[in-house]
Amino acid sequence: MMAQHSYSGIKAFEGCGRKYHETKILKLYPREETDATMYGTAMHEQAELFVKDGRSLDDSFKFLQPTMDRLVSMKGRKFPELEMAVKETLIPCGFKDPDYWCRGIADLVIVDDDNYTARIFDYKSGGDKYPDTDQLMLMSLLVFKHFPDVRHVTSGLLFVLRGTVVKHRVDREQEAELWWRWRERVARLDAAMYHNKWQAKQSGLCRKYCECIGCEFNGRGT
């Protein structure tokens with residue numbers, strides 16, 4: 001069966017092949033919810049319902065009101081929590097299509113049909129010290145496939161607790177080159193799967209925080 005990919009999966013593999021194999025493929029360590037992940041999930045749900053249904057924000061999320069008001073006032077069709085997927089031929093398909101090749105969920109997409117543009121917004125409840133715009137790049141590429149009239153996509157990481165924004169832009173003319181860059185990243189994961197070789201990569205998080213306790217770089221099991 002052809003491998004299927006997402007940005008989070010590729011990033012996890014590039015962070016450490018062994019951890020990816022043990023957590024994503026073998027599923028040796030079930031994902032545990034933390035206060036931070038539950039807060040992030042609740043925040044995304046609040047934002048989605050505000051845009052989709054006009055539901056008022058709960059008191060604990062009222063700080064989002066100015067941001068959400070600005071977003072809904074922007075010109076264009078609004079697509080909260082938009083699921084997008086493509087086949088390996090880059091033909092758009094359903095998010096749960098059994099032969100999808102790559103997929104992702106954008107927190108909010110706003111398509112301005114009159115100006116042939118789109119905006120993507122990704123809500124972040126964490127810190128803004130190490131912003132990662134590669135996810136925005138992939139979401140932009142998926143938007144191009146699902147909205148073929150769009151000529152350029154502007155996007156932003158919204159660090160809502162910090163009040164900061166990291167912006168990104170992709171033009172239609174860049175699409176082919178950027179898809180090839182994505183294919184190069186995917187190819188490295190595909191090669192690891194084909195050869196069943198999963199290289200461990202040591203980092204500052206290994207010793208105390210990684211769940212792969214059998215790894216030689218992990219100190220939690222000693």
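A distance of 13.0 Å separates NE2 of His44 from CG of Leu49, quoted to the nearest 0.5 Å. The line from NZ of Lys78 to CG of Leu108 is 8.0 Å long, rounded to the nearest 0.5 Å. Between the OG atom in Ser140 and the CD1 atom in Ile120 there is a gap of 4.0 Å [rounded to 0.5 Å]. Here the CG atom belonging to Leu178 is positioned 5.5 Å from the CG atom belonging to Leu141, to the nearest 0.5 angstrom. Atom CG of Leu189 is separated from atom CD1 of Ile10 by 4.5 Å, given to the nearest 0.5 angstrom.
In this structure, Lys27 contributes its side chain and Lys24 its backbone to a donor-acceptor pair below 3.5 Å. Although no hydrogens or angles enter the test, the distance criterion places no donor-acceptor pair under 3.5 Å between the side chain of Gln46 and the main chain of Leu57. Remark: side-chain polar atoms of Thr133 are not paired, donor with acceptor, to backbone N or O of Leu136 under 3.5 angstrom.
The salt bridge (charged side-chain N to carboxylate O under 4.0 Å, His left out) check on Glu175 picks up Lys145, Arg172, with sequence neighbours excluded. By the side chain to side chain contact (heavy atoms under 4.5 Å, CB included) test, Asp35 is found to be paired with Met38, residues two or more places apart in sequence or in another chain being considered.
Between Val166 and Pro131 the shortest heavy-atom distance is CG2-CB, 3.7 Å. Between Ala200 and Phe217, the shortest heavy-atom contact is CB-CE1, 4.0 Å. For the residue pair Cys93 and His146, the shortest heavy atom distance occurs at O-CE1, 3.8 Å. In terms of heavy atoms, Leu138 sits closest to Cys102 at CD1-SG, 3.8 Å. Closest approach of Met43 to Lys124, counting heavy atoms only: CE-C, 4.2 Å. The two residues Lys52 and Pro80 come nearest to each other via the heavy atoms CB-CG, 3.9 Å.
At a threshold of 4.5 Å between non-hydrogen side-chain atoms, the residues Tyr7 and Asp132 count as touching. Here the side chains of Arg18 and Glu216 are in contact, with some heavy-atom distance below 4.5 Å. Contact of the Phe50 side chain with the Gln65 side chain is registered, since non-hydrogen atoms from C-beta on lie closer than 4.5 Å. For the pair Glu45/Phe61, no side-chain contact is recorded, criterion being any heavy-atom separation below 4.5 Å from C-beta on. Two residues are said to be in side-chain contact when any heavy atoms from C-beta on lie closer than 4.5 Å; Asp171 and Arg151 fail this criterion. With contacts defined as side-chain heavy-atom distances shorter than 4.5 Å, the pair Leu82/Met139 does not qualify. Under the 4.5 Å side-chain criterion, counting only non-hydrogen atoms from C-beta, Val109 is not in contact with Arg119. Contact of the Met193 side chain with the Ile25 side chain is registered, since non-hydrogen atoms from C-beta on lie closer than 4.5 Å.
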* To do: Show your working on side chain to side chain contact (heavy atoms under 4.5 Å, CB included) between Asp107 and Phe121 and close with a plain yes or no.
  => CA-CA 6 Å; Asp107 292 345; Phe121 296 97; 5.7 Å; no

* To do: For Lys19 and Glu211, run side chain to side chain contact (heavy atoms under 4.5 Å, CB included): C-alpha distance rounded to whole Å, both residues' side-chain angles, the deciding distance at 0.1 Å, then the answer.
  => CA-CA 8 Å; Lys19 181 178 179 180; Glu211 55 265 67; 3.2 Å; yes

* **Residue pair Glu48, Arg55: steps toward the side chain to side chain contact (heavy atoms under 4.5 Å, CB included) verdict** => CA-CA 9 Å; Glu48 178 187 8; Arg55 199 180 89 170; over 6 Å; no

* Decide salt bridge (Lys or Arg N to Asp or Glu O under 4.0 Å) for Lys11 and Asp134; before the verdict, give the C-alpha distance in whole Å, the side-chain angles of both, and the deciding distance to 0.1 Å. => CA-CA 9 Å; Lys11 186 175 180 180; Asp134 281 354; over 6 Å; no

* Please assess Thr154 against His168 for the test side chain to side chain contact (heavy atoms under 4.5 Å, CB included), listing each intermediate value before the final yes or no. => CA-CA 6 Å; Thr154 56; His168 190 258; over 6 Å; no

* To do: Could you go through the salt bridge (Lys or Arg N to Asp or Glu O under 4.0 Å) check for Arg181 and Glu177 one step at a time?
  => CA-CA 6 Å; Arg181 290 186 191 177; Glu177 176 187 354; 2.7 Å; yes

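In this structure, Lys197 places its NZ atom where only 12 or fewer heavy-atom neighbours from other residues, nucleotides or ligands lie under 6.0 Å away.
If you chain together hydrophobic residues whose side chains sit under 4.5 Å apart, Met74 and Val165 fall into the same group. At a threshold of 4.5 Å between side-chain heavy atoms, the hydrophobic network of Ile, Leu, Val, Met, Phe, Trp and Tyr places Leu71 and Leu161 in one connected group. Residues Trp182 and Trp180 do not share a hydrophobic cluster, defined by chaining ILVMFWY side chains whose heavy atoms lie under 4.5 Å apart. A single hydrophobic cluster is not seen to contain both Val51 and Ile105; linkage of ILVMFWY side chains at heavy-atom distances under 4.5 Å, directly or through other members, places them apart. In the hydrophobic clustering of this structure, Phe147 does not group with Ile110; members are Ile, Leu, Val, Met, Phe, Trp, Tyr whose side-chain heavy atoms approach within less than 4.5 Å, directly or through other members.
Below 30°, between 30° and 60°, or above 60°: for Trp179 and Trp101 the angle between ring planes is between 30° and 60°, a tilted geometry. Taking the six-membered ring for Trp and thresholds of 30 and 60 degrees, Tyr20 and Phe13 have ring planes more than 60 degrees apart, a perpendicular arrangement.
Geometrically, Arg103 engages Phe95 in a cation-pi contact, judged by NZ or CZ lying under 6.0 Å from the ring centre and within 45° of the ring axis.
Under the side-chain contact (heavy atoms from CB on, under 4.5 Å) test applied with Asn115, the options Thr117, Asp113, Val111 reduce to a single match, Thr117.
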